[in-house]
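What you are looking at is a predicted structure, and each value in this text was computed from that prediction instead of being measured.
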Amino acid sequence: MSLGKRAKRLTYLVHRWTGVGACLLMALWFVSGVVMLFVGYPKLTPWERMQALPALEAGGCCVAVEQAMSAATTGARVQELVLTTVNARPVYRIRHADGSFRMVDASSGKPTQAVDAHAATDAAQRFTAGASGDYLGLAQEDRWTHSRGLDAHRPLHMVQMDDAAHTLLYVSSTTGQVVMDAPRAQRLWNYVGAWLHWVYMLRDRSVDPGWSWIVIVLSAVCVITSITGTVTGIWRWRFSGRYKSGSRSPYREFHLRWHHLLGLAFASIVFTWIFSGLMSMNPLGMFDAKGRHPDLAQYRGATVEAEHLQLPVSQALALLDAAHFRASELEWRVLGGAPYLLARDARNATRLIVQRDGQYLVLDRWPEEDILKAAKYLLDAPVVSEERLDHYDRYYYARQPEAMMGASERRLPVMRLRFGDPHDTWIYLDAWTGDVALSMDRSQRTGRWLFSFLHSWDLPSMLHAAAWRESVLIILSLGGFLVSVTGIVIGYRRILTWLEHARAGGRASVTDK
C-alpha cells in the first residue's frame, strides 16, 4: 500500500473511531450552546447587587475611616475601603492586599460579629424584599459557585427563598452580603446549558487543572474528528460525474447520506465552534499576558491608608444629596496621588467627590487630563496614542447579562491608551470610576479573536443586531446538531456491528476447540 493510500486509510479510521464519542459530545455542546444564548450561568451582576441596597443615611453614621481601618488592622495593607449596608446597618467593608475581608460597624467602630445562619437568612430576606427563606447550611463550593471571585467569601451560606422565582441565594461568611443569586428556572436550564456546556459535572473546585485538561483533550479530539471528517467528506464527493445512484455522494443509506451532505454543508461552522471552544480553555497559557500587568499602585499614587479624603461621611452624603444623587455605597480611593470618593446609587450610577482648591466638588467623571496624567505610570513604556471612545470597539464592549462576561461594567465614554511596550498593550480607562476597565496585550487580543469572536460572534455590530444574530446562530447550531446526531447513529450501528463480529469470532473460537 502506497504512502498516500495509508494516509487516506488512517484519516478514515481516525474519523470513524473518534467520531463515535465526539459526535455525542458535540451534539450536547450544540444544544447547550443554544440554551446559553438566553440563559447564562448564575452570577450576581453589579446592577442586581446595588438594586438591593438602601440609600445611606447620614443620621447616626459614621465613625471616621481612620477608626474603622484601625479596628480592622491585620498587619496587611488596606486595598479597598467601602461604606455599605449589611442587614440594615451601615458597615465599613475593608479588603486587605491578601484578599481577605474585615467588616466594621460604622456606628460603633467595632468589628462585626461572625456571620451565622440567622444573619445570613436575614441578609437573604432583605435582598429579596422581605420574602421568607429556609436556611440550607454552608457550602464550600457547589455546581453554581465555581467562580474564583467567590474564594474570599467561602464557605457560603445557602438560603432557599420562597419568592416567585424560588431563588437560591448564597451569602458570604466573611461579609454577610449576598454574593450569588440563582433562580430555580435558571438552575434548571443550566443543567442543559452552561453547566453541561462546560462539563462542570467533572469540576469540583474553582481552580481545577484536572477538569481543565479533560476539557482541553476532549475538545482537541473533537477538532481532529471535525478535520478528518471534512477531509473524508471532500474525498468522497464527486465534483465531476456522479455515482451509479445519480448522486455525488456514494452513500445510499439515509443516515450515512445525510451525515455526508450535512457534514459538508456545516463543516466550517462545526470546526470553528469546536476549535474556538478549545481556545477558550487557553491551553498551555498561550493567551496569557506576556508582559507586565498594569501597575495599579503607581497609577493610584498612594494607598487608601496613607491618603484618603478628609471628609466626614455626613458631609459627603449631604453634598451628594444636593447634587440629587442618593448614594447606596461610598468607596475611598486614590488616583494619581489625589484622594477621592466614588459613590454608587441603586442603579449603579456613579458620582465622584474630589477636592479642588480647598473645596469639595461632586463630579460626573474625572477630567481627561487627570486620567491621562495618572495613566502614564501604568506601564514602564511611553504612551503611543490616546483616544476618547464614545462608542464600543472590537475589544471594549458590553454583553447581555446571560453572557459569560455579562457582569463586566463597560461604561462610555472611555479612554483608550496604546503603550509602546514590546507587547503592544492597550489599556481602557473608565473616567466615571477611575478604574482600569480593560487591559490587553497582543497575545490577549489574539485570544479574543480565536475564542470570543469565533465562538460568540460578539462584534459590537453583531450584538446590536441581536435578533438576526441569535436566529443565525440557532440555525447553524441546528445544522451542527444534525451532523452530530447522524454521526451518533452511524457510531451506534458500527459498535453493534463490531460487537456482533466479536461475538461471532468468540463462538467460532470455541467451536474450533
Side-chain angles (χ1 to χ4, degrees), residues 43-58 61-62 80-86 88 90-93 95 106 126-129 149 175 177-179 181 300 304 308-309 311 313-335 338-356 360-368 370-371 374 388-392 396-403 405-416 428-438 460 463-464:
K43 64 175 72 69
L44 184 68
T45 67
W47 310 278
E48 291 174 313
R49 186 181 72 83
M50 294 305 304
Q51 189 176 18
L53 292 179
L56 294 168
E57 300 293 342
C61 178
C62 298
E80 178 184 279
L81 174 61
V82 179
L83 176 64
T84 186
T85 303
V86 177
V91 173
Y92 285 107
R93 186 182 72 224
R95 188 168 192 173
R126 293 180 186 279
F127 184 86
T128 51
T175 69
Q177 297 174 296
V178 172
V179 292
D181 63 334
R300 296 184 182 109
V304 175
H308 50 268
L309 208 62
L311 179 66
V313 170
S314 57
Q315 293 184 32
L317 294 176
L319 282 171
L320 292 166
D321 284 342
H324 308 290
F325 189 86
R326 294 283 287 164
S328 296
E329 275 191 352
L330 292 178
E331 181 175 354
W332 281 258
R333 291 189 170 197
V334 184
L335 177 65
Y340 70 103
L341 278 175
L342 171 64
R344 298 177 186 266
D345 68 6
R347 298 175 295 113
N348 200 40
T350 60
R351 293 292 185 275
L352 308 173
I353 299 181
V354 302
Q355 189 173 22
R356 292 284 192 272
Y360 293 105
L361 304 176
V362 176
L363 304 179
D364 288 342
R365 57 181 184 265
W366 278 101
E368 291 181 12
D370 291 345
I371 286 281
R388 166 180 159 152
L389 298 182
D390 295 303
H391 54 81
Y392 294 123
Y396 181 87
Y397 52 95
R399 292 298 309 272
Q400 68 273 29
E402 293 77 19
M405 302 304 294
S408 300
E409 296 178 286
R410 293 290 185 260
R411 297 179 178 85
L412 289 173
V414 66
M415 297 300 299
R416 181 178 68 189
Y428 296 78
L429 299 174
D430 182 351
W432 301 88
T433 62
D435 287 333
V436 173
L438 181 65
L463 296 174
H464 183 70

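Minimum heavy-atom separation, Ala343 to Leu330: CB-CD2, 3.7 Å. Residue Glu331 comes nearest to Val82 through the heavy atom pair CG-CG2, 3.7 Å, listed as atom of the first residue, atom of the second, then distance. Shown here for Leu412 and Leu389, the closest heavy-atom pair between the two residues is CD2-O, 3.8 Å. Considering all non-hydrogen atoms of both residues, Trp47 and Arg347 come closest at CD1-O, 4.0 Å. Nearest heavy atom pair, residue Leu56 against residue Ser328, reads CG-O, 3.6 Å. Looking at every heavy atom in both residues, Ala407 comes nearest to Pro46 through O-CD, 3.3 Å.
Looking at Asp435 and Arg333, a side-chain N of the basic residue comes within less than 4.0 Å of a carboxylate O on the acidic one, giving a salt bridge. For Glu402 and Lys43, the salt-bridge test fails: no basic side-chain N is under 4.0 Å from an acidic carboxylate O.
Here Leu319 contributes atom CG and Leu361 contributes atom CG; the two are 8.5 Å apart, rounded to the nearest 0.5 Å. Expressed to the nearest 0.5 Å, how far CZ of Arg49 lies from CG of Asp181 amounts to 12.5 Å. Note: Asp345 CG to Arg351 CZ = 7.5 Å, rounded to the nearest 0.5 Å. For the atom pair CE (Met50) and CG (Leu44), the distance works out to 11.0 Å, reported to the nearest 0.5 Å. Once rounded to the nearest 0.5 Å, the distance linking CG of Leu341 with CG of Leu320 reads 8.0 Å. Interatomic distance, Leu311 CG to Ile353 CD1, rounded to the nearest 0.5 Å: 6.0 Å.
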*Can Thr433 and Glu409 be said to form a side chain to side chain contact (heavy atoms under 4.5 Å, CB included), step by step?*
CA-CA 10 Å; Thr433 62; Glu409 296 178 286; 5.8 Å; no

_Go through it in stages, so that I can follow the logic: the residues are Val362 and Phe325, the test is side chain to side chain contact (heavy atoms under 4.5 Å, CB included), and I'd like the CA-CA distance, side-chain angles, deciding distance and then a yes or no._
CA-CA 10 Å; Val362 176; Phe325 189 86; over 6 Å; no

_Between Arg126 and Thr85, does the side chain to side chain contact (heavy atoms under 4.5 Å, CB included) criterion hold? Intermediate values first, please._
CA-CA 11 Å; Arg126 293 180 186 279; Thr85 303; over 6 Å; no

*Verdict with reasoning, Val86 to Thr175, per side chain to side chain contact (heavy atoms under 4.5 Å, CB included)*: CA-CA 8 Å; Val86 177; Thr175 69; 5.9 Å; no

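When the shell of 6.0 Å around CD of Gln400 is examined, it contains more than 12 heavy atoms from other residues, nucleotides or ligands.
Without hydrogens or angle criteria, Tyr397 side chain to His391 main chain gives no donor-acceptor distance under 3.5 Å. At least one donor-acceptor pair closer than 3.5 Å links the side chain of Arg410 to the backbone N or O of Ala437. Panel note: side chain Tyr360, backbone Gln315; no donor-acceptor pair is recorded below 3.5 Å.
Between Val436 and Leu429 the shortest side-chain heavy-atom distance falls below 4.5 Å. Two residues are said to be in side-chain contact when any heavy atoms from C-beta on lie closer than 4.5 Å; Arg411 and Asn348 meet this criterion. Taking the side chain as every heavy atom from C-beta outward, Glu48 and Pro401 never approach each other to under 4.5 Å. Counting heavy atoms from C-beta on, the side chains of Arg399 and Leu463 come closer than 4.5 Å.
Ring-plane geometry between Trp332 and Tyr92 is classed as tilted, the angle between the planes lying from 30 to 60 degrees on a 0 to 90 degree scale.
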